[in-house]
Structure formats: structure tokens, C-alpha cells
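As C-alpha cells, the structure follows; a few thoughts come after it.
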Number of protein chains: 2
Amino acid sequence: MTQAQPEDAKRKRGAKKAPRFSREQADVRRSMLIEAATRCLSVGGIGAFTIDRICKEAGVSRGLINHHFESLDGLLVEVYKSSLYASVNNQIDEAKRRRAEASGWPPEAALAALVRSNFAPEYFSRENLLIWLSLWGEIAVNARLKAAHRELYDAYRAELAEDIAAVAVERGRQVDASALARNFIALVDGLWLEWCLDESVVTPQAAEAAGFEMLEAQVGPLRDS
Amino acid sequence: MTQAQPEDAKRKRGAKKAPRFSREQADVRRSMLIEAATRCLSVGGIGAFTIDRICKEAGVSRGLINHHFESLDGLLVEVYKSSLYASVNNQIDEAKRRRAEASGWPPEAALAALVRSNFAPEYFSRENLLIWLSLWGEIAVNARLKAAHRELYDAYRAELAEDIAAVAVERGRQVDASALARNFIALVDGLWLEWCLDESVVTPQAAEAAGFEMLEAQVGPLRDS
DNA sequence: GCTCTTGTTGTACGAACGTTCAACAAGCAT
DNA sequence: ATGCTTGTTGAACGTTCGTACAACAAGAGC
């Protein structure tokens, strides 16, 4: 308590006040704001996506959002791209990579890996779900978000269909890969939704099992190999 | 243009002004407000759920909502009960009725009817979907809505599980009915969601087919009988 | 130490928000 | 006609919203 703080010593010696704020590179500050905005979204839903709350969460003043983003709506699009777009695109890229190096990854292993990534703790988390949920409600209303969403889902659906088709061809099965991919995505989103609204109904393990069951009903076993 | 309107004739004769508003029974007015609020929700999402817009949509003055409901939040709960709770409970009641009169409805027919009701145009409609979507985002945040939602989904899941179990028992199949019911509901909600965010991805017919496929993979054929 | 650039602050503003309530009038009872 | 009940109105309030912008200061360059 009586011990001199480093700041105090500094102030005594140089008679300098502690800086009231620190300057950051534009992209660093943008990331900070996006992260703070994401945190607001995951806690209070779209109703908490406000200039005041986001700036308070980020520990900056009210004027900064409009300095780094064209508007609050622009920040929302960035949040979408940063938290959802990025992670899904990550899954797509990894799937493409696995499919490219055909030697190490037989089709069923690649498909199984893609399925599992949907239920990995880093994606299938409660905070991620609340972000999805909040954004879904906005996508239906916001044209810019809707465009971004369609592009993303089309890409993911296509990649998933490719992986499914690869397994089906290898096993000589007749499968409507794009319909199955669409249904699988619907099931995953639905399970996320159920979990988000009532976590006692489903566990990540049960959700993963349900996902595999849907695919295996059409392309045969994927897990035990 | 120069033709006398009925109102004008009336006014001339009796020197009476047209009534500025009409009085309604409390429950009638409440229904009007709930319907107007629902319309706002289905068009503009939760962001359009405001006193001003709802009253304008209903054609009444700003003060009326707080006269008939404890608050705007209370109105939201009523919207939930009126548009979702009611329709799902309707499905549950019909399913119970079918299961009661065992003579006319063999288990597989009862289950098929329950499945089909999920994709009937009166439920699987674009405006209904936007209402669901808006409310989902609120359920995750609003304690009162969350409680109502859990009660409703528990009831629906239980009824669906009963219908599934009845078919499984009849056919001597070993099925985890409650898990299958949960997965089915997740699939349906997911398909609704996909359709809502991008209507070109799925049709109601394809959605219904996907629902049947999931169940038939475990309990056997349901449609061709 | 000094200047300059520019990231940051914080106030100001109008609009929209939910809520309250005194005044009003529609329509039934008399 | 007249009075009474009460559903309805609309202004007013304080708050919060998104945005704009002049003033400020942190930190690099010299």
C-alpha cells in the first residue's frame, strides 16, 4: 500500500503523466473492436450490439468505431467475416488440402475428419453458437450479410458434397451428394440450435454421432476404419 | 370526385363527425396487437419489434400496447405463445388424438401424419420462419422466452418419441426413440433455417423427404403403405 | 527539444426508443 | 337526451441510440 508504484516513481522523476490512451495500428485497433463486438454479441445477442456497449467492452471512446468502420452495420459484417466466415473457410481449406494429398487421406477418412471438425470444441462452443444465432436473425433481414452468408454456405456445401461423392464413387454407391450435404448442414445447424436453446437436450458427442449416422445411412460406415 | 360519399351524407343529415376510433373488447384488441406485432417480426425481424412500428401496423395510438400488456417484453411472450406455441401444441394435440383412437390410425400412419404436418404450407411458410428465427435469437437471451420454449419443445419431443417408439415396438426394432426425436427436430429446424436464409437451397418437398429418410433409416418405411 | 501527423477523445446533436398519464370520447345504460 | 364507464388517444418524459466533428495528445521523425 505504501510501496511506491513504478508509475509513481516515473511521474516523480520526469513529472510526466501516464498516457491517457495508446495509439494502435489501424488493423490492430480494428481487430480489438471486432473482438469486443463479438463478445457483446455472444453475451447479449443482437440487442447488445451497440456503439456504447462495444466501446465500453473494448475500453475505448465512443467515437472510435465510426473512425475505423464505415458504420455499425459495417462492423457487424466484419464480425461475421471474422468469427464465422474465417472458421468455416478454415474447414473448407483443410478439407481441400486433405483431398489434394490423396495418398495419406483415403476418401472416408477425409470425410470423417470434415465431419468431426464440425463438433470440435473450438467450433461447437456455447459462445460461438450465440454468435451464429444472433447473426442468423440478422442475415434474414440484412442484404449484405445475406450475400456473404450464401457465398460461404455454397462453398461449404460444395466441398462437403465433393467429399461425400468421393466416398460414394469409391464404394460404388448411388448417392445424391449435394442433397445429402445440404441435409447434413441442416442437421448440424439444427443440433447447434437445440443445444443453444437448451443445453440439456444434446451433448457434442451425441451431436457428432447423429451427424455420422445421417451420412453412414447413405455411404456406409465412416468411423470404424 | 363530386359524388357524395356515404359518410358525407351522414354528416350532413345528423351533423355527426365520423368516430375517430372504435372501442374493442380487451381480448379482441389484444389479438389485433399480437397479430400486428407478429407481422412486424416476420417482415423486419427483432429490430422492427418496437412500440412505434407495431402500433402503426395495427393502426392504433402509441399508448395502447402498455395499456393491454405489461410491457413490450410481455407482448413478445404473447407473440411467441400465439404464433409458435399454439401451432406446435396443435400438432401435439392432433398426434395424441390419433394415438388415442388406435383403430383408425396404425402407428406408422400416425407418425407419417405428424412428420407431414411439419412441412405443411401452413407451418413451413416463409413468414413463419422469419418469426421463428427472430424469436430464436431472443430465446437465448430472454429468460421468460427460454422457459416457454423448453416446455414446448420438451412436450413436442416427447410426443414424437412416443410415436416413433410405437412404430419401433410394432416392428420389433431396437431404436433410441428420444434421441431420434431430438435429431429429427434438429433436422427440421435446420432445414427451415437453410430455407429461410437461402430459399434456393431447399424446397418443402425436399425437406419433407429428408425428414422421412432420417426416420426410415431406423424404423423402416413410413410413406409407402 | 521540437514539429507534424493522425489515432483518439468526448461532447453535441437529432432521432427513436419504452413508458407514463391526464384528457378525451365511444357507446352502453338509463 | 343524458350520464357514466372505460377503452383510447397523444403529448411529454428521460434514456439510449448512431453519427459527426472539433479539440486533443501520443509517438515517430528530425
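Just so you know, these numbers use all the heavy atoms, side chains as well, and skip hydrogens, waters and symmetry mates. By convention in this document, chain letters (A, B, ...) are assigned in the order of the sequence lines, proteins followed by strands, and residues within each chain are numbered from 1.
Taking the six-membered ring where tryptophan is involved, the planes of A/Phe124 and A/Trp195 are essentially parallel, since the angle between them stays under 30° and well short of 60°.
Among the atoms of the strands shown, only primed sugar atoms or phosphate atoms (P, OP1, OP2) are found under 4.0 Å from some heavy atom of A/Leu72. If you check every strand for non-hydrogen atoms under 4.0 Å, A/Phe69 touches nothing. Nucleic acid contact class of A/Glu24 (heavy atoms, under 4.0 Å, all strands): sugar-phosphate only.
Salt-bridge check for B/Glu70 with B/Arg30: failed, with every basic side-chain N at 4.0 Å or more from each acidic carboxylate O.
B/Thr50 has a side-chain polar atom (N or O) that falls below the 4.0 Å cut-off from OP1 or OP2 of C/dC17. The side chain of A/Arg29 places an N or O atom within less than 4.0 Å of a non-bridging phosphate oxygen (OP1 or OP2) of C/dT8. For the pair B/Arg62 and C/dC17, the criterion of a side-chain N or O lying under 4.0 Å from OP1 or OP2 is not met. Using a 4.0 Å cut-off, no side-chain N or O of A/Arg53 falls inside it from OP1 or OP2 of D/dT16. Between B/His68 and D/dT8 there is a side-chain polar atom (N or O) within less than 4.0 angstrom of OP1 or OP2.
Nearer to the 5' terminus of DNA chain C, by closest-nucleotide assignment, is the contact made by A/Gly63 (compared with the other of B/Asp52 and A/Gly63). Toward the 5' end of DNA chain D, the nearer of the two residues B/Ser61 and A/Gly47, judged by each one's closest nucleotide, is B/Ser61.
Separating the CG atom of B/Asn66 from the C1' atom of C/dT19 is a distance of 5 Å, rounded to the nearest angstrom. In this structure, the CG atom of A/Leu33 is 10 Å from the P atom of C/dT9, given to the nearest Å. What separates CZ of A/Phe21 from C1' of D/dC24 is a distance of 7 Å, to the nearest Å. Taking atom CD1 of B/Ile65 as the reference point, atom P of D/dT8 lies 13 Å away to the nearest angstrom. For A/Ile51 and D/dT19, the CD1 to P distance is 6 Å, given to the nearest whole Å. In this structure, the NE2 atom of A/His67 is 17 Å from the P atom of D/dA23, given to the nearest Å. As a whole-Å value, the separation of B/Arg20 CZ from C/dC24 C1' is 7 Å. The interatomic distance linking A/Arg30 (CZ) with C/dG7 (P) rounds to 12 Å, in whole Å.
Side chain of B/Arg99 to backbone of B/Asp163: no donor-acceptor contact under 3.5 angstrom is found. In terms of modelled atom types and a separation under 3.5 Å, the side chain of A/Asp198 and the main chain of B/Arg150 share no donor-acceptor contact.
Heavy-atom contacts from other residues, nucleotides or ligands closer than 6.0 Å to NZ of A/Lys81 number 12 or fewer.
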